[in-house]
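See below for the structure under consideration.
A note on names: the letters A, B, ... follow the listed sequences, proteins ahead of strands, and every chain is numbered from 1.
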Protein chains: 2
Amino acid sequence: MAGVSRQTVSRAVNDKGEIDPGTKERVLEAARVLDYRPSRFARGLVRKGTVTVGLVIPDLMNPFFPEVAAGVLEAAELRGWQVVVWDSRTDEAREREALDVLSHQADAVVGYFKNEDDVLARRLGGVPLVLLERGPQRTRFGAVGIDVAGGMEQGLAHLVRAGHRRIGMLDGERSEGPGERREAFLREVRRHGLAVDDSWVVLCPEQSVAGGEAGAEQLLRVRPEVTGVVGFNDLIAVGAMRAARRRGLRIPDDLAVLGFDGLSLGELVEPALTTLHIDKRRLGRLAVEQVARLRAGEEPLSGTDAWVIPELVVRASA
Amino acid sequence: MAGVSRQTVSRAVNDKGEIDPGTKERVLEAARVLDYRPSRFARGLVRKGTVTVGLVIPDLMNPFFPEVAAGVLEAAELRGWQVVVWDSRTDEAREREALDVLSHQADAVVGYFKNEDDVLARRLGGVPLVLLERGPQRTRFGAVGIDVAGGMEQGLAHLVRAGHRRIGMLDGERSEGPGERREAFLREVRRHGLAVDDSWVVLCPEQSVAGGEAGAEQLLRVRPEVTGVVGFNDLIAVGAMRAARRRGLRIPDDLAVLGFDGLSLGELVEPALTTLHIDKRRLGRLAVEQVARLRAGEEPLSGTDAWVIPELVVRASA
DNA sequence: TTGTAAGCGTTATCAA
DNA sequence: TTGATAACGCTTACAA
């Protein structure tokens, strides 16, 4: 339409030099009229370099995950990478769908997955994967973990120090075996010689405030003698506080509540939530770093280098 | 390496029929060894159909936006589209950078922008754009708005009904002129004939709980006679509650606080926040719908069809 | 069941 | 300042 070769179009569109201003204007005008837009595929084919990473998040309504995502976004942007986000809603089937798509559309995938390594590998078709919150030992993929054991240790030490012996847990992980947090809880409880076993752990119907309320109701019914609770995460812990409150229990005097996450939400509730704070942004940033290593063919960070260590933040609830 | 043509490789990799199982295995094995992965660009070039939309979010730490994002993700997935997310951190320069990238890498852009239409258009290079929370009248792009006027009307009616006459506002929008919410507030306040003017509006340093606290401190200093406050959003309103509390004011007796957003956070604070609830997921879904229309060359929805209407949720704080 | 040939829309290179 | 030609890596005919 502008009567020039496609090469000249390219020069006009890409703002290269080596083109007559008049020609350029003519080309751009034609482009406007024709509503022409360069194909990103053809471009990508010819200019390498656009890296896209897929991010699979289980639950955008839990403030924990947006913060992890923010870390991923931040680190990705620094590298000039793009991030495609998928919400898996903690559904294994949806996780697989996400991989089916992302393995074709992304150069690497980062995220939370409940599916087995084998299942993941099959859908991945060779695309590098970095698992979030899975200990580096527990997968064959790249991983960034949380030092749950260390966190639980601090948390339980704190409760025991405050005189608690009858401590329950509100679990949030519905998987085959016991999840990492529940295991760590039971280990610590044993180490302190408390008369506490599996029956002191209640599985909440969901990882939310409502789920925590329901779980706490049940725990208080089954173990009314409980004086301290550890929540699987902050949302659940806040739920426990509400349930306790509704029962007329004072916090922390009648029931001490400990969270696990360090959401800013915890500072706003009454009383403020004592919690094991996790640097979520760092988690996300580390994940991107792992992707970079994988892509470069290097060994991913492992052990404590790829760990985020929870830090006990004592507030009023425990 | 497998000694076959690339067409056969294609068949093997894409799981087509018309291939000998042995050959297929051989090819896949070679692919594994060579760590071969099809180029998504070359694929995209030849099979049309992969749609990517860019989503520009101002602040992932405000629970409002992840929920909007969830709506966008949901609607996009339904259409088989992908979503690339960018965090602009409410920074105009970052908004422009986002557009520079996304206009090349996405087929459409959805998001929050403070930049002028002209600035946006220049960076867009013809890529369709849908603005979030900008009235359809106020932009030449597609838009999905919130009926701020209607919301404010409900909110102020509620406060006035409760007997408040000295009502302040904690604004959160730092722009040239007054933002939409502030304008609506002033309009309503005038309509009710209250002796309230600009000096009753304080601009918070940031749209967060801390920002709300700071703003409320100032408002209480300048207008100690205030008995009701409208927050720019829920985060700011919660901050106001904290500031008031710290001053020894009881809520809602000494100071009524009204939020604007309907975050679930509001149900957890003490007292629970009365707020103008917005269906954030719907906002996101509508935006994707607008994109679909734009792409199809149809007129985008306009007027009230592209509006989300706030709903007053009365809880304890006002 | 396999291979050959054409073409997807762009940019780089080099010649005009 | 412009254009011709050759990639880029894949898929879809169609032929063998």
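- At whole-Å resolution of the value, CD in Q7(B) and C1' in dA13(D) are 9 Å apart.
- For the pair S39(B) and dG9(D), the criterion of a side-chain N or O lying under 4.0 Å from OP1 or OP2 is not met.
- At least one side-chain heavy atom of V110(A) sits under 4.5 Å from a side-chain heavy atom of V130(A).
- Atom CZ of R47(B) and atom P of dT12(D) are 6 Å apart (whole Å).
- Within the nucleic acid shown, V4(A) comes within 4.0 Å of sugar-phosphate atoms alone, with no base atom in reach, counting heavy atoms only.
- Taking a 6.0 Å sphere around CD of E176(A), one finds it holds 12 or fewer heavy atoms contributed by other residues, nucleotides or ligands.
- Distance, R11(A) CZ to dC14(C) C1': 11 Å, rounded to whole Å.
- Across the protein-nucleic acid pair, L45(B) atom CG and dA7(D) atom C1' stand 13 Å apart, rounded to whole Å.
- As rounded to whole Å, 12 Å separates atom P of dT2(C) from atom NZ of K24(B).
- When all heavy atoms of S103(A) and L124(A) are compared, the closest pair comes out as CB-O, 3.4 Å.
- As rounded to whole Å, 10 Å separates atom C1' of dG3(D) from atom CZ of R6(A).
- Taking the side chain as every heavy atom from C-beta outward, L99(A) and R122(A) never approach each other to under 4.5 Å.
- Within the 4.0 Å cut-off from OP1 or OP2 of dT11(C), at least one side-chain nitrogen or oxygen of S10(A) is found.
- Checking dG3(C), dC8(C), dT1(D) against the side-chain heavy atoms of S5(B) singles out dG3(C) as nearest.
- Taking 4.0 angstrom as the limit, R43(B) places none of its side-chain polar atoms (N or O) nearer than this to OP1 or OP2 of dC10(D).
- With the nearest nucleotide of DNA chain C identified for both G3(B) and V46(B), G3(B) has the one nearer the 5' end.
- Between the C1' atom of dT2(D) and the CZ atom of R26(A) lies a distance of 11 Å, rounded to the nearest Å.
- The side chain of T8(A) places an N or O atom within less than 4.0 Å of a non-bridging phosphate oxygen (OP1 or OP2) of dG3(D).
- The separation between R40(B) atom CZ and dC8(D) atom P is 18 Å, rounded to whole Å.
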Pair up each side-chain donor or acceptor in residues 53-74 of chain A with any protein partner under 3.5 Å, not counting sequence neighbours, and list the distances.
from: D59(A); atom 1: OD1; to: M61(A); atom 2: N; distance (Å): 3.0
from: N62(A); atom 1: OD1; to: F64(A); atom 2: N; distance (Å): 2.9
from: E74(A); atom 1: OE1; to: R281(A); atom 2: NE; distance (Å): 3.0
from: E74(A); atom 1: OE1; to: R281(A); atom 2: NH2; distance (Å): 3.3

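- Contact annotation for R37(A): backbone-only contact, meaning every heavy-atom pair under 4.0 Å involves sugar-phosphate atoms and none involves a base.
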